[in-house]
Amino acid sequence: MKFSIVVQSSPFSGQSPATALRFAKSVLEQGHELYRVFFYSEATLTASELISPPQDEVNLNKEWADLAKQYKLDVVVCIAAAVKRGVLDTNEAKRYEKSAANLDPAYELSGLGQLAEAIAVSDRIITFGGQ
Amino acid sequence: MSKKSVLILNRTSPYGSSKPREALDIALTCSIFEMPVSLLFLDDGVLQLVKNQKPEALGQKNLESILSSLPMYDIENLYVSEEALLIHALTEEDLSLPVAVLNSDQIADQINNHNTVLTF
């Protein structure tokens, strides 16, 4: 089955962002396709490579990046939601005249159209961090 | 691209978080992709529809203007939970848009009848 995952919650609040990661791993381990992971809303903060939790705590930024590399996942971050919260790639940093960019290279900034397209082609859309 | 129907559940109050805006952004985007979109307001989400909001006092943008543009995007299926209206002591006349009021069985039917459900 073809899944896509939408993550909405901040990497540091609640259980849902960690559950999203475990769900993604299970989907892949069971041989399903993970078409796209879409980070929206507060979850766009996950894509900041500056996230530096203490060593004995889970680093969701790195966990997703490692999973993306292992399975060549399409990990998309909503550009409007990310830029608003200070998660910028080099292009956006230039556009907004900021002194630095912080988007982890395992993630890609793109528009909500990527979520609409994932909805159109996936068998299941699973949201984490909704109400 | 196949035309999957999308139901967006709005459950949060209008100005307590960015969720209502983000839900509307994805509704408009799916509509631009010619996907049939429905919005269902329940729990505190019904407060998003209350008329004559003045969020300027909070330094926030008015949701009402975005909501009123929904018909222009061909988003005309707007549903509201009967129970949520009752809990918030609201009637249809308090709302800024024409909506269909659904009981819990009808809400379950709508969730069943759509291909994809997103919650905000």
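By convention in this document, chain letters (A, B, ...) are assigned in the order of the sequence lines, proteins followed by strands, and residues within each chain are numbered from 1.
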Check your understanding: Are side-chain heavy atoms of A/Lys84 and B/Ser18 found at a separation under 4.5 Å?
Key -> yes

**Study point:** Common cluster, B/Ile107/B/Val99, ILVMFWY with side-chain heavy-atom separation under 4.5 Å
**Key:** no

**Study point:** Sequence neighbours excluded, every pair satisfying salt bridge (charged side-chain N to carboxylate O under 4.0 Å, His left out) that has a member inside residues 66-79 of chain A
**Key:** A/Arg36-A/Asp74, A/Lys62-A/Asp66

Review point. Side chains of B/Arg21 and A/Ser41: donor-acceptor distance under 3.5 Å anywhere?
Key: no

Check your understanding: Closest heavy-atom contact between A/Ile119 and B/Cys30?
Key -> CD1-SG, 4.1 Å

Exercise for review: Drop me the distance from A/Thr127's OG1 to B/Leu118's CG, to the nearest 0.5 angstrom.
Suggested key: 4.5 Å

Check your understanding: Which atom names give the shortest non-hydrogen contact between A/Ala116 and B/Thr29, and what distance separates them?
Key -> CB-CG2, 4.3 Å

Point to revise | B/Ile26, B/Ile32, B/Leu28 screened by side chain to side chain contact (heavy atoms under 4.5 Å, CB included) with A/Leu112, the one that passes | key: B/Ile26

**Study point:** CD (B/Glu34) with more than 12 external heavy atoms under 6.0 Å
**Key:** no

Check your understanding: Do NZ/NE/NH1/NH2 and the carboxylate oxygens of A/Glu117 and B/Lys4 come within less than 4.0 Å?
Key -> no

Review point. Going by heavy atoms in the side chains, are B/Glu22 and A/Gln8 under 4.5 Å from each other?
Key: no

Exercise for review: Could you look at B/Val117 and say if it's the side chain, the backbone, both or neither that has a heavy atom under 4.5 Å from chain A?
Suggested key: backbone

**Study point:** Hydrophobic cluster identity match, A/Val75 and A/Phe128, side-chain contacts under 4.5 Å
**Key:** yes

Point to revise | Joint cluster assignment, A/Val121 & B/Leu7, ILVMFWY side-chain distance < 4.5 Å | key: no

Check your understanding: Cluster question for you: counting only ILVMFWY and a side-chain heavy-atom cut-off of under 4.5 Å, with indirect links fine, are B/Ile8 and B/Leu49 together?
Key -> yes

Point to revise | Transitive ILVMFWY side-chain link A/Val76 to A/Leu45, under 4.5 Å | key: no

